[in-house]
Amino acid sequence: MFECEICVEYKPKRQSFSIKGCTHSYCFDCIRNYVASRLEDGFSTINCPVPGCPGVIELEDCHSILAPVARETWKSLLQGDSTTPESSYSPVTSIHDILLRKLAKENQWQNCPKCKIFVDRVSGCRLVRCRCGVSFCHSCGTALDYTLVHTCPTSRKRDILYIFIVVYLILVLVVLARETFKFV
């Protein structure tokens with residue numbers, strides 16, 4: 001068993017995809033979707049999904065796990081053909097992307113400003129650190145430098161609303177207290 005670094009699921013070792021010059025582990029489904037996505041974006045050279053990793057995915061290494069349309073698109077891109085077959089559009093990848101973005105929005109996940117992976121904040125302050133090493137504000141997605149003070153516009157709106165609610169409740173309590181003691 002191994003843990004795929006994209007879907008973060010444990011899979012049988014026989015479903016592990018190896019990239020030349022790389023030590024990261026991915027399952028066939030995730031590599032298939034990743035490659036299809038990169039091909040849709042027009043890339044003929046496809047690197048490991050981890051930023052800065054020197055690993056390169058080669059067509060011949062994943063030929064057997066790709067759909068025929070993806071293989072043809074990649075061949076066209078490698079030959080310098082800027083026009084790819086119309087059938088290179090992959091509805092599966094697009095639907096996957098749409099569902100992932102919807103899930104991220106529902107769970108209030110934030111994209112890392114550097115590697116674009118989704119990051120979840122379970123509790124604590126708004127400052128989070130991605131596994132790629134970048135620290136950023138989970139509320140607005142701004143990369144943070146520890147030498148600067150960050151005032152998040154998203155959080156500021158929430159803080160103002162919170163202050164308004166607290167002041168309102170205090171005023172209600174004051175009015176109720178006056179009414180209560182007025183009749184005593």
Side-chain angles (χ1 to χ4, degrees), residues 1-75 77-78 84 88-146 150 152 154:
M1 298 290 281
F2 77 101
E3 183 179 21
C4 173
E5 294 185 41
I6 294 176
C7 65
V8 197
E9 291 182 10
Y10 285 96
K11 305 273 181 131
K13 193 72 172 160
R14 60 181 156 64
Q15 291 182 10
S16 175
F17 183 83
S18 299
I19 300 173
K20 289 180 183 173
C22 168
T23 59
H24 301 103
S25 300
Y26 306 105
C27 68
F28 291 157
D29 290 337
C30 288
I31 283 295
R32 184 181 306 114
N33 290 333
Y34 174 71
V35 168
S37 174
R38 300 301 287 172
L39 293 173
E40 283 178 18
D41 291 339
F43 291 95
S44 60
T45 302
I46 303 176
N47 295 319
C48 171
V50 175
C53 178
V56 177
I57 301 171
E58 301 286 345
L59 174 59
E60 48 285 350
D61 294 335
C62 58
H63 187 273
S64 64
I65 65 169
L66 294 178
V69 171
R71 291 193 301 261
E72 291 306 312
T73 300
W74 202 346
K75 287 177 188 174
L77 288 169
L78 287 170
T84 56
S88 68
Y89 170 75
S90 171
V92 174
T93 302
S94 297
I95 291 169
H96 177 266
D97 290 344
I98 291 167
L99 291 174
L100 180 60
R101 285 188 182 101
K102 181 181 178 192
L103 185 63
K105 186 175 181 179
E106 288 172 1
N107 289 294
Q108 297 179 340
W109 297 341
Q110 183 65 263
N111 281 105
C112 170
K114 181 180 177 188
C115 72
K116 306 299 183 208
I117 193 168
F118 285 110
V119 177
D120 184 22
R121 182 180 71 98
V122 177
S123 65
C125 70
R126 294 181 290 264
L127 172 67
V128 294
R129 186 175 187 106
C130 180
R131 66 183 184 187
C132 74
V134 169
S135 295
F136 66 97
C137 175
H138 191 270
S139 296
C140 68
T142 303
L144 301 177
D145 181 352
Y146 288 106
H150 174 67
C152 177
T154 307

Would you give the length of the straight line joining atom [atom1] of [X] to atom [atom2] of [Y], rounded to the nearest 0.5 angstrom?
X      : Y      : atom1 : atom2 : answer
Leu127 : Ser135 : CG    : OG    : 5.0 Å
Ile57  : Cys62  : CD1   : SG    : 6.5 Å
Glu5   : Thr23  : CD    : OG1   : 7.5 Å
Thr45  : Leu78  : OG1   : CG    : 7.0 Å
Ser44  : Arg38  : OG    : CZ    : 10.5 Å
Asp61  : Ile46  : CG    : CD1   : 11.5 Å

Could you check whether the rings of Phe17 and Phe28 sit parallel, tilted or perpendicular, using 30° and 60° as the cut-offs?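 Phe17 and Phe28: perpendicular rings.
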Is the ring pair His138/Phe136 parallel, tilted or perpendicular, if the boundaries are 30 and 60 degrees?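 Parallel: the ring planes of His138 and Phe136 meet at under 30°.
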Stepwise side chain to side chain contact (heavy atoms under 4.5 Å, CB included) test for Tyr26 and Ser18: CA-CA 7 Å; Tyr26 306 105; Ser18 299; over 6 Å; no
Between [X] and [Y], which heavy-atom pair has the shortest distance, and what is it?
X      : Y      : value
Arg71  : Leu66  : NH1-O, 2.6 Å
Lys11  : Cys27  : NZ-SG, 3.7 Å
Arg32  : Ile65  : NE-O, 2.5 Å
Gly141 : Gln110 : N-NE2, 3.6 Å
Lys13  : Phe2   : CA-CD2, 3.9 Å
Leu77  : Gly42  : CD2-O, 3.8 Å

Is any side-chain heavy atom of Val35 closer than 4.5 Å to a side-chain heavy atom of Leu59?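 No, their side chains stay 4.5 Å or more apart.
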Going by heavy atoms in the side chains, are Val134 and Arg129 under 4.5 Å from each other?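 No, their side chains stay 4.5 Å or more apart.
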Starting from the C-alpha separation in whole Å, work towards a yes-or-no answer on side chain to side chain contact (heavy atoms under 4.5 Å, CB included) for Ser25 and Cys4. CA-CA 5 Å; Ser25 300; Cys4 173; over 6 Å; no
